[in-house]
Amino acid sequence: MKILVKTFVYSLMLLLLTASCEKSLLDEPAFEQDEEDGNLKVSVFEIEKTTFGNLTRAALSDVCTRINFIAYTPDGERVAKVDQEAGDPDFGAASFFLEPGDYQVVVVAHSSNGNPSSTDPTRIRFTNAQGYTDTFFSSRSVTIGKEEVNMSVSLDRISSLCRFQITDDYPAGVAKMRFRYTGGSGAFNGNTGLGSVNSTQTLLLDITSGQKQFDLYTYLHDTTGTIHLTVQALDVDDNDMFKREFDVPMEKNRVTRLSGAYFSGFTTFSVSVSTDWNDERVINF
């Protein structure tokens with residue numbers, strides 16, 4: 001009987017310890033810090049050369065719906081984080097209280113359905129479930145001493161966009177479009193803003209509304225790269241009806257528009273670049 005009791009107690013302690021560890025790994029918001037009277041104050045001054053002199057929340061929320069402010073030590077330990085959403089008070093500005101020393105401050109602006117994991121500064125990562133969006137970024141070094149530090153940051157676009165456009169009509173029975181692409185990254189390096197993992201990114205959309213344009217974002221491992229894109233048309237039960245594959249040339253801060261008749265033959269697709277970004281390349285298929 002004593003052996004059974006001891007075994008039960010040991011198992012219970014192990015279960016509680018495991019649950020505690022899992023919660024600490026998943027519960028990133030509990031780490032969040034926003035100190036009104038902090039000694040480091042960070043604010044967004046401009047995004048991709050668009051200056052927000054008298055910055056308003058409305059103007060900033062036209063570009064992104066979430067902003068993450070993250071502070072790391074020189075050896076990569078995350079010591080402070082503030083996550084904001086459009087509509088929050090002081091959206092676009094955050095305050096930290098940090099011990100004297102040197103830090104790296106990373107600011108990420110995006111419109112994903114969630115915040116990226118950021119415990120590792122070399123792998124700031126979004127997931128397929130959250131979705132990938134236009135992303136703007138800044139990484140700055142700062143030294144904290146006795147005096148308060150005010151930092152205004154300029155965010156640069158680090159994403160690349162493949163805009164897939166179907167020019168012909170959907171055949172009967174097509175209910176969804178699935179996009180799967182490799183060659184880019186769903187995570188980026190907080191030092192460089194370049195892609196830092198090899199990802200398989202996916203997007204599945206219901207097209208009963210007749211949607212024909214689809215935006216596929218990624219972070220390239222360099223300023224240029226190629227993604228391998230598989231596009232599938234599915235019925236309501238996710239069975240394949242049509243499938244085509246493309247190798248798409250991409251550039252950082254550039255839109256590649258891939259456009260053509262997807263269903264009615266293997267014609268040439270076209271590529272283009274948006275004036276809202278650096279440039280637009282058009283590829284006809």
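Residue S152 comes nearest to R140 through the heavy atom pair O-NH1, 3.1 Å, listed as atom of the first residue, atom of the second, then distance. In plain terms, the two heavy atoms of R66 and N113 that are nearest each other are NH2-O, 3.2 Å. Residues C64 and A109 come closest through the heavy atom pair SG-CB, 3.7 Å. Smallest separation of non-hydrogen atoms from I207 and V174: CD1-O, 3.4 Å. F96 and A80 make their closest contact through CD2-CB, 3.5 Å (heavy atoms, listed as atom of the first residue, atom of the second, distance). Between T133 and S111, the shortest heavy-atom contact is OG1-N, 3.0 Å.
Side chains of I67 and V107 form a contact here, defined as non-hydrogen atoms less than 4.5 Å apart. Between T226 and V248 the shortest side-chain heavy-atom distance does not fall below 4.5 Å. Residues S43 and V153 form no side-chain contact, since every pair of their non-hydrogen atoms from C-beta on lies 4.5 Å or further apart. At least one side-chain heavy atom of L216 sits less than 4.5 Å from a side-chain heavy atom of L229. Between I144 and V149 the shortest side-chain heavy-atom distance falls below 4.5 Å. Residues L205 and R178 form no side-chain contact, since every pair of their non-hydrogen atoms from C-beta on lies 4.5 Å or further apart. Contact check for L40 versus V105: side-chain heavy atoms found under the 4.5 Å cut-off. Residues Q232 and R180 are in side-chain contact: their nearest non-hydrogen atoms beyond the backbone lie under 4.5 Å apart.
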Using the rule given for side chain to side chain contact (heavy atoms under 4.5 Å, CB included), can you reason through V231 versus M177, listing the C-alpha separation, both sets of side-chain angles and the distance that settles it, and then say yes or no? CA-CA 7 Å; V231 182; M177 295 296 295; 3.5 Å; yes
Tell me, with the steps shown, if V63 and F136 meet side chain to side chain contact (heavy atoms under 4.5 Å, CB included). CA-CA 9 Å; V63 180; F136 304 86; 3.5 Å; yes
Under the side chain to side chain contact (heavy atoms under 4.5 Å, CB included) criterion, do Y181 and H228 qualify, and how do the steps go? CA-CA 5 Å; Y181 50 108; H228 183 75; over 6 Å; no
For L98 and V79, what are the C-alpha separation, side-chain angles and deciding distance, and is it a side chain to side chain contact (heavy atoms under 4.5 Å, CB included)? CA-CA 8 Å; L98 301 175; V79 293; 4.1 Å; yes
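At a cut-off of 3.5 Å, with distance as the only test, no side-chain donor of N189 or T122 sits close to an acceptor on the other residue. Under the 3.5 Å distance criterion, with hydrogens and angles disregarded, a donor-acceptor pair is assigned to the side chains of Q104 and N191. Residues Q130 and N128 have side chains that never bring a donor and an acceptor to within less than 3.5 angstrom of each other. D168 and S264 form a side-chain donor-acceptor contact under 3.5 Å, judged by distance and modelled atom types alone. Inspection of the R78 and S118 side chains reveals an N or O donor paired with an N or O acceptor under 3.5 Å.
Under the 4.5 Å side-chain heavy-atom criterion for ILVMFWY residues, no single connected hydrophobic cluster contains both Y170 and L204. Note: the hydrophobic cluster containing V236 does not contain M241 (ILVMFWY, side chain heavy atoms under 4.5 Å, direct or indirect links). Criterion: ILVMFWY side-chain heavy atoms under 4.5 Å apart, direct or through other members. Under it, F179 and L234 are not part of a common hydrophobic cluster.
Side chain of S61 to backbone of T65: no donor-acceptor contact under 3.5 angstrom is found. With hydrogens and angles disregarded, no donor-acceptor distance shorter than 3.5 Å links the side chain of D222 to the backbone of T224. Between the side chain of T167 and the backbone N or O of A261, at least one donor-acceptor pair lies under 3.5 Å. With hydrogens and angles disregarded, a donor-acceptor distance shorter than 3.5 Å links the side chain of T218 to the backbone of S185. Formation of a donor-acceptor pair under 3.5 Å by the D90 side chain with backbone atoms of A93 is not found in this model. A distance-only check finds a donor-acceptor pair linking the side chain of T192 to the backbone of L194 [under 3.5 Å]. Judged purely by atom type and a 3.5 angstrom limit, T143 has no side-chain atom pairing as donor or acceptor with the backbone of D102. Not a single donor-acceptor pair under 3.5 Å links the side chain of Y217 to the backbone N or O of G186.
Using a 30° and 60° split on the angle between ring planes, F164 and F214 fall in the tilted class, from 30° to 60°.
Partners of R123 by side chain to side chain contact (heavy atoms under 4.5 Å, CB included), not counting sequence neighbours, listed by chain and number: D120, R125, S196, V197.
Heavy-atom neighbours of Q213 CD from other residues, nucleotides or ligands within 6.0 Å: above the threshold of 12.
Between F126 and H110, the ring center distance clears the sub-6.0 Å criterion.
Atom-to-atom distance recorded for R244:CZ and F263:CZ is 10.0 Å, nearest 0.5 angstrom. Expressed to the nearest 0.5 Å, how far OG of S95 lies from CZ of F69 amounts to 10.5 Å. Distance check: T135 OG1 to I158 CD1 gives 5.5 Å after rounding to the nearest 0.5 Å. Considering CD1 of I227 and CG of L220, their distance stands at 8.5 Å, rounded to 0.5 Å. We find the CE-OG distance between M151 and S138 to be 8.0 Å, quoted to the nearest 0.5 Å. In this structure, OH in Y72 is found 9.0 Å from OG in S139, a value given to the nearest 0.5 Å.
Under 4.0 Å is where a charged nitrogen must lie from a carboxylate oxygen, and between K212 and D169 at least one such pair does. Remark: D206 does not engage K176 in a salt bridge, criterion side-chain N to carboxylate O under 4.0 Å.
Among residue pairs with one or both ends in residues 188-210, those qualifying as ring-ring contact (aromatic ring centres under 6.0 Å, His included) are F137-F188, F188-Y219; sequence neighbours excluded.
Here the rule is side-chain contact (heavy atoms from CB on, under 4.5 Å) with L161, and of D134, V255, T256 only V255 fits it.
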